[in-house]
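Not measured: the values here are computed from a predicted model.
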Amino acid sequence: MLTINVAVLLAVVVVLRLRRRTQPRSRFDEKMTVVIVLALGVVLAPTPVGQGILSLLGQAASGVTQAGR
């Protein structure tokens, strides 16, 4: 049986939506992209990959704030 990881499926959908031309997008299309990206974030957040991304972003943010002092 073939299983599909929801996070991978959402990532593919996001990449395909963002590769399209940007000019003819409607507001609904933009809102739908935001909803899909948020869903991807919710799916990734509790995973080790999501925790690693959060840690990396936290380190980058603290580095930027320390550099600004």
Using distance only, find each side-chain donor-acceptor pair of residues 33-55 under 3.5 Å and give its atom names and separation, not counting sequence neighbours.
unit_1: T33; atom_1: OG1; unit_2: R17; atom_2: NE; d: 3.0
unit_1: T33; atom_1: OG1; unit_2: R17; atom_2: NH2; d: 3.3
unit_1: T33; atom_1: OG1; unit_2: D29; atom_2: O; d: 3.0
unit_1: T47; atom_1: OG1; unit_2: L44; atom_2: O; d: 2.6
unit_1: T47; atom_1: OG1; unit_2: G50; atom_2: N; d: 3.2
unit_1: Q51; atom_1: NE2; unit_2: A45; atom_2: O; d: 2.8

Here the salt bridge (charged side-chain N to carboxylate O under 4.0 Å, His left out) pairs for residues 35-51, sequence neighbours left out, are none

Members sharing V64's hydrophobic cluster, built from side-chain contacts under 4.5 Å between Ile, Leu, Val, Met, Phe, Trp and Tyr, are none

When V14, L16, V15 are each screened for side chain to side chain contact (heavy atoms under 4.5 Å, CB included) with L18, the one that passes is V14

